[in-house]
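To start, the structure itself, in structure tokens.
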Amino acid sequence: MRHRGRSPLTVLTSSLHIITASPRPSALGASVCFPRFYSPAANMAPPKSALDFLDFVNASPTPYHAVQAAITRLEKAGFSKVKERDNWSSSLKPGGKYYMTRNASTIVAFAIGAKWRPGNPIAMVGAHTDSPCLRIKPVSKKSNVGFLQVGVETYGGGIWHSWFDRDLSIAGRVLVKDGAGNFVQKLVKVDRPIIRIPTLAIHLDRSSSFDPNKETELFPIAGMVAAELNRTGSKDVPVADDATNETFQPLKEMTERHHPYILEIIAEHAGVEVDNVVDFELVLYDVQKSCLGGLNEEFIYSARLDNLNMTYCSVMGLIESVSSTSLDDETSIRLIACFDHEEIGSTSAQGANSDLLPAVVRRLSVVAGDRHGDSASNKSWEHVSADPEVDLSTAFEQTASGSFLVSADMAHSVHPNYAGKYEANHQPEMNKGTVIKINANQRYATNSPGIVLLQEAAKRAGVPLQLFVVRNDSSCGSTIGPMLSAKMGVRTLDLGNPQLSMHSIRETGGTYDVEHAIKLFDSFLSHYSELEAKIFVD
């Protein structure tokens, strides 16, 4: 709106009533970046879901932590743990809510409808828990010209130059030996910055581009050799003496493979002695917390939006679906699966290209269910096997053919400085709704029946959707959608919330798209049984 007789600057300054310094804590403990401007049009609190997402991603520097953060929310909502190695036929009941993990970095959670019967459909949302990062090498101890350095390995396709000059620390899982001689997993997250990758001063390199060599120029520094010597009071950095070992060790001691002080920090955070640290899988992460940003807090500034944003929304969508819609009249199963290793191809035991989801669906497809109004508590394997209307030998195929998978992976928002990189009619915007991703060459698994299904779910949720197609002269990424669709014969659609700076150490997303996706997933899971029969294409 144009104000007559007043300069734009006057209009701007007169409309800003309060300017507060930052950071300020949110109601849920997440920090909010500065500055924050209050105006009559913008004085609206951000959604609680966005603030809770900040807590989720700040607690989740690795897939192991993300799975644990998901478990905390699922258990609070009444979900119970089941083990993949156990027999499910007697433990799973219609109306029950369960979750399972594999490798502690992949999680599957599901709620069984009270009127479920073998062979019925399953509504599924799939996401992934991993993000591009730098992983500490098995032998990481390095030093050069007086600096202690840490050897790291690139994981995934990160924008590696964005990792320079950031305050970094370490997180992951540590395998330790307990008092009983067992080896157990401990999660570790060091909150203070202890590692940094410094850039070379511009005076020493006038190159117009910055493309560091990943093997020779991406080594972080962790300290000075002299400072470590002063700390330990030694003339040399201490190493283990093989001659003092009482038992044969197939590998070199951990203190020979890694800097001793780093091992001390790891052991301290794991709550054990250094000698009990047997091995670890640790990565570097940026200690700067995720926060809200923008003049009206319309942005989320965060690491790992791809794909913890979709992981969080799928978990909360499932939780909301069982909170807002009873399972009493549900005939299907509502399921989410958040996989590790998507960023490196998904080919692992805990990746989407494994047997995990097909195996889970196969086991669920024959779970004893409702029969002519019998109570769930009276079900048994023999009971359902004797039902002439149920053919357990083909239950998996029946379930797969009637099921639907929403593959949830972050999408590209249009970039104002590079708008020409986007197809002119498909330029998603942040805070305008979740993006349906389409590709004629099946890099995405979306088709028309799936679009109609998601439209109907979005109508019931009251949330907007957007469409995305890449330019013909541009490469197109892919997701877990096509591989799972081909592996299981399940109808699939690809979507994701729009974001900027994908695969950077610090990405940008929309504050309100968190709520959009949660409501969309809630609606899809809650209404799939109703919608499936109306949009079935054989």
Side-chain angles (χ1 to χ4, degrees), residues 123-128 130-132 156-157 159 305-307 309-311 313-314 337-339 341-347 351-353 357 400 403-415 418-430 432-458 463-503 507 509-510 513 516-517 520-521 524 535 537:
M124 298 177 281
V125 179
H128 66 89
D130 63 320
S131 303
I159 302 178
L305 288 181
D306 177 22
N307 193 42
N309 188 292
M310 291 289 90
T311 292
C313 292
S314 62
C338 302
F339 299 94
H341 291 162
E342 189 276 341
E343 297 291 355
I344 55 173
S346 297
T347 307
N353 204 23
L357 189 58
S403 298
F404 196 94
L405 169 68
V406 171
S407 169
D409 203 345
M410 294 295 280
H412 297 292
S413 167
V414 65
H415 194 305
Y418 303 93
K421 294 288 186 180
Y422 300 78
E423 204 282 330
N425 293 323
H426 299 86
Q427 300 186 345
E429 300 176 49
M430 286 185 285
K432 294 292 184 68
T434 303
V435 180
I436 296 176
K437 300 187 281 188
I438 304 162
N439 183 259
N441 297 303
Q442 287 297 289
R443 300 291 289 172
Y444 304 132
T446 305
N447 63 11
S448 290
I451 293 175
V452 173
L453 173 66
L454 259 292
Q455 279 192 101
E456 291 301 314
V463 296
L465 294 173
Q466 304 181 78
L467 298 171
F468 176 75
V469 175
V470 297
R471 289 169 54 105
N472 287 323
D473 56 0
S474 174
S475 60
C476 181
S478 191
T479 70
I480 63 174
M483 70 178 67
L484 284 172
S485 180
K487 182 184 290 286
M488 300 175 61
V490 169
R491 296 167 293 168
T492 303
L493 177 139
D494 276 289
L495 54 69
N497 279 344
Q499 71 162 96
L500 292 171
S501 307
M502 187 177 290
H503 287 195
E507 302 168 323
D513 285 328
H516 289 152
L520 179 63
F521 295 159
F524 163 71
I535 316 174
V537 178

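At least one donor-acceptor pair under 3.5 Å links the side chain of Thr446 to the backbone N or O of Lys437. Judged by distance alone, with hydrogens and angles left aside, the side-chain atoms of Asp130 form a donor-acceptor pair with the main-chain N or O of Glu342 at under 3.5 Å. In this structure a side-chain-to-backbone donor-acceptor pair under 3.5 Å is missing from Tyr422 to Phe468. In this structure, Thr492 contributes its side chain and Val490 its backbone to a donor-acceptor pair below 3.5 Å. Between the side chain of Tyr444 and the main chain of Gly481, no donor-acceptor pair closer than 3.5 Å is present. Not one N or O on the side chain of Glu429 forms a donor-acceptor pair closer than 3.5 Å with the backbone of Lys432.
Note that the NE2 atom of His503 and the OG atom of Ser131 stand 7.5 Å from one another [nearest 0.5 Å]. Expressed to the nearest 0.5 Å, how far CZ of Arg471 lies from NE2 of His426 amounts to 13.0 Å.
Here the closest heavy-atom approach between residue Pro498 and residue Val435 is recorded as CD-CG2, 3.9 Å. Between Asp306 and Glu507 the shortest heavy-atom distance is N-OE1, 3.2 Å. Scanning all heavy atoms of the two residues, the minimum distance from Thr311 to His128 falls at OG1-O, 2.8 Å. Residues Gly496 and Ala411 share a closest heavy-atom pair of O-CB, 3.7 Å. In plain terms, the two heavy atoms of Leu305 and Gly509 that are nearest each other are CD1-N, 3.3 Å.
Each of Asn307, Asn309, Asp513 was scored for a side chain to side chain donor-acceptor pair (under 3.5 Å) with Asn497, with one residue passing: Asn309.
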Could you walk me through whether His341 and Thr347 satisfy the side-chain contact (heavy atoms from CB on, under 4.5 Å) test, starting with their C-alpha distance in whole Å, then the side-chain angles of each, then the deciding distance to 0.1 Å, before giving a yes or no? CA-CA 7 Å; His341 291 162; Thr347 307; over 6 Å; no
How far apart are the C-alpha atoms of Leu500 and Met430, what are their side-chain angles, what is the distance that settles it, and do they pass the side-chain contact (heavy atoms from CB on, under 4.5 Å) test? CA-CA 9 Å; Leu500 292 171; Met430 286 185 285; 3.6 Å; yes
Can you check side-chain contact (heavy atoms from CB on, under 4.5 Å) on Leu357 and Phe339, steps first, answer last? CA-CA 10 Å; Leu357 189 58; Phe339 299 94; 4.0 Å; yes
Stepwise side-chain contact (heavy atoms from CB on, under 4.5 Å) check, Leu454 with Val406: CA-CA 9 Å; Leu454 259 292; Val406 171; 4.1 Å; yes
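With a 4.5 Å cut-off on side-chain heavy atoms, Gln442 and Pro482 do not count as touching. Counting heavy atoms from C-beta on, the side chains of Pro464 and His516 come closer than 4.5 Å. You'll find the side chain of Ser403 reaches within 4.5 Å of the side chain of Met124, heavy atoms only. Contact annotation: the side chain of Leu493 approaches that of Leu495 to within less than 4.5 Å [non-hydrogen atoms, C-beta and beyond]. Counting heavy atoms from C-beta outward, Ile480 and Leu405 have side chains that stay 4.5 Å or more apart. Looking only at side-chain heavy atoms (C-beta outward), Met310 and Val125 stay at 4.5 Å or farther from each other. Counting only heavy atoms from C-beta outward, the side chains of Met410 and Met502 approach each other to under 4.5 Å. The shortest side-chain heavy-atom distance between Arg491 and Pro449 does not fall under the 4.5 Å cut-off.
Within 6.0 Å of atom NZ in Lys487, more than 12 heavy atoms from other residues, nucleotides or ligands are found, so the atom counts as buried in its surroundings.
A side-chain N or O of Ser407 and one of Asp494 form a donor-acceptor pair less than 3.5 Å apart.
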